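This structure is a prediction, so every number in the text was calculated from the model and none was measured. A, B, ... follow the sequence lines: proteins, then strands. Residue 1 opens every chain.
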Number of protein chains: 2
Amino acid sequence: MATSMALRIGRVDRILDALGDSTRRRIIRLLSAGPMSVSDLSRPLGITVTAVTQHLRILQSCALLKSHKKGRVRMCSLDTSGFETLEHWIREHRTSWERRLDRLGSLLEED
Amino acid sequence: MATSMALRIGRVDRILDALGDSTRRRIIRLLSAGPMSVSDLSRPLGITVTAVTQHLRILQSCALLKSHKKGRVRMCSLDTSGFETLEHWIREHRTSWERRLDRLGSLLEED
DNA sequence: TCATTAGTGAAGTCTATACTTCAGTATAAG
DNA sequence: CTTATACTGAAGTATAGACTTCACTAATGA
């Protein structure tokens, strides 16, 4: 329980670090319109393909992105698994915080 | 619709930038146990109160944190509003991506 | 009143990392 | 076989921003 929580947090940390960069968010928005290759991505982003590759590595390492190479072209698409993890994390914590806020609210009523 | 979407994205961007820093995530985790003052936070974080104040400004600017000053003590607590915004964003996009993946899946079946 | 405590603001340092260039590999096309 | 295309890896640069110090204000306590 404690260990699985620690692993969970490490995973979420990596996801939030990845999403903390505006270029990687732009990549995600581009891919939400459908799969694209590395050079397809580099054009609208206005950065080199090398830079794109570096971002892809990060996005892939936390399951926000999937890719497979067919010939010499790497096709990239979004991986829902990372987003699911993040959604679970937010929902869990949000509900626990709301419970706490409710308790706080009832305490304040006695003020 | 288009404009409200644009504003929404700007808001989510600021939230993800804020959550992209590990110290700010530690602040959030500390506050999930209940309200704390600025110096209460600085101790376990191992940074100066000035640094904490700077983080608080960022967290507050995107509605992840609320605070009010009583006397000379600023009490900080989590603001669910930012988390709600983020949760909505993820859910919306995740479902649309899943629809897209479903379509892609049925296309691949004809392969 | 004087000292202490809690926090803020400005300005500078310093590090993490986003991005580049260059050199290289592997696939495809002519 | 030659050339072009798609990408990857290593290494260097440059900048954003996290953190500090110092100086300050305002509230609390002795």
Side-chain angles (χ1 to χ4, degrees), chain A residues 9-31 33-62 64-79 82, chain B residues 10-31 33-79 82:
Chain A
I9 285 174
R11 191 170 149 84
V12 170
D13 276 344
R14 297 222 317 287
I15 290 172
L16 288 172
D17 275 331
L19 292 176
D21 177 76
S22 66
T23 303
R24 286 193 285 271
R25 289 195 296 269
R26 291 182 67 199
I27 289 175
I28 285 169
R29 288 185 183 120
L30 285 166
L31 290 178
M36 297 175 79
S37 74
V38 177
S39 32
D40 282 345
L41 285 167
S42 81
R43 234 179 304 274
L45 292 171
I47 59 177
T48 63
V49 288
T50 306
V52 174
T53 303
Q54 288 163 357
H55 285 302
L56 296 182
R57 216 187 330 266
I58 292 168
L59 288 169
Q60 211 156 1
S61 77
C62 60
L64 291 170
L65 183 137
K66 279 187 293 195
S67 75
H68 64 277
K69 210 164 176 178
K70 186 94 179 177
R72 57 185 171 175
V73 176
R74 174 175 302 280
M75 281 304 264
C76 307
S77 54
L78 295 174
D79 187 349
Chain B
R11 191 171 149 86
V12 171
D13 275 346
R14 296 223 316 289
I15 290 172
L16 288 172
D17 275 331
L19 292 175
D21 177 75
S22 65
T23 303
R24 285 193 284 271
R25 289 194 296 269
R26 292 182 67 199
I27 289 175
I28 285 169
R29 288 182 184 124
L30 285 167
L31 289 179
M36 297 176 78
S37 73
V38 177
S39 31
D40 283 346
L41 285 167
S42 82
R43 234 178 305 273
L45 292 171
I47 59 178
T48 62
V49 288
T50 306
V52 174
T53 303
Q54 288 163 356
H55 286 301
L56 296 183
R57 216 188 330 267
I58 291 169
L59 288 169
Q60 210 156 2
S61 78
C62 58
L64 291 170
L65 182 138
K66 278 186 294 195
S67 75
H68 64 277
K69 211 165 177 178
K70 186 93 177 179
R72 58 185 171 175
V73 176
R74 175 174 302 280
M75 280 305 266
C76 306
S77 54
L78 295 174
D79 187 349

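Atom NE2 in His55(B) sits roughly 18 Å away from atom P in dA16(D) (whole-Å rounding). Here dC7(D) presents its C1' atom at 13 Å from CG of Leu41(A), a figure rounded to the nearest Å. Counting to the nearest Å, the C1' atom of dC22(D) and the CD atom of Gln54(B) are 13 Å from each other. Asp21(A) has its CG atom 13 Å from the P atom of dA16(D), to the nearest Å. A straight line from CG of Asp17(B) to P of dG17(D) spans 7 Å, rounded to a whole angstrom.
When atom types are taken as modelled, the side chain of Arg26(B) and the backbone of Pro44(B) share a donor-acceptor pair closer than 3.5 angstrom. Proximity of a side-chain donor or acceptor of Asp13(B) to a complementary backbone N or O of Gly10(B) within less than 3.5 Å is not detected. Put simply, the side chain of Arg74(B) never gets that close to the backbone of Ser37(B): no donor and acceptor are under 3.5 Å apart.
Contacts of Val49(B) with the nucleic acid, taken as non-hydrogen atoms under 4.0 Å apart, include base atoms. Across all strands shown, Thr23(B) has heavy atoms under 4.0 Å from sugar-phosphate atoms exclusively, and none from any base. Within the 4.0 angstrom heavy-atom criterion, only backbone atoms of the sugar-phosphate kind lie near Ser39(B); the bases stay farther away.
Judged by distance alone with a 3.5 Å cut-off, a donor-acceptor contact links the side chain of Arg72(B) to the base of dA27(D).
An OP1 or OP2 oxygen of dT8(D) is reached within less than 4.0 angstrom by no side-chain nitrogen or oxygen of Thr50(A).
Ion pairing of Asp17(A) with Arg24(A) is absent here, as no side-chain N (NZ or NE/NH1/NH2) approaches a carboxylate O to less than 4.0 Å.
The side chain of Ala51(B) lies closest to dC19(D), out of dT5(D), dT8(D), dC19(D).
A nucleotide of DNA chain C counts as in contact with chain A when one of its atoms lies under 4.0 Å from a heavy atom; the first and last such, 5' to 3', are dA18(C) to dA28(C).
Side-chain atoms of His55(B) and Ile47(B), non-hydrogen and from C-beta on, do get closer than 4.5 Å to each other. For the pair Leu16(B)/Arg25(A), a side-chain contact is recorded, criterion being any heavy-atom separation below 4.5 Å from C-beta on.
Residues Val73(B) and Lys70(A) each lie close to DNA chain C; by heavy-atom proximity, the contact nearer the 5' end of the strand is made by Val73(B).
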Hey, mind stepping through Leu59(A) and Ile28(A) against side-chain contact (heavy atoms from CB on, under 4.5 Å) and telling me if it holds?
CA-CA 9 Å; Leu59(A) 288 169; Ile28(A) 285 169; 4.1 Å; yes
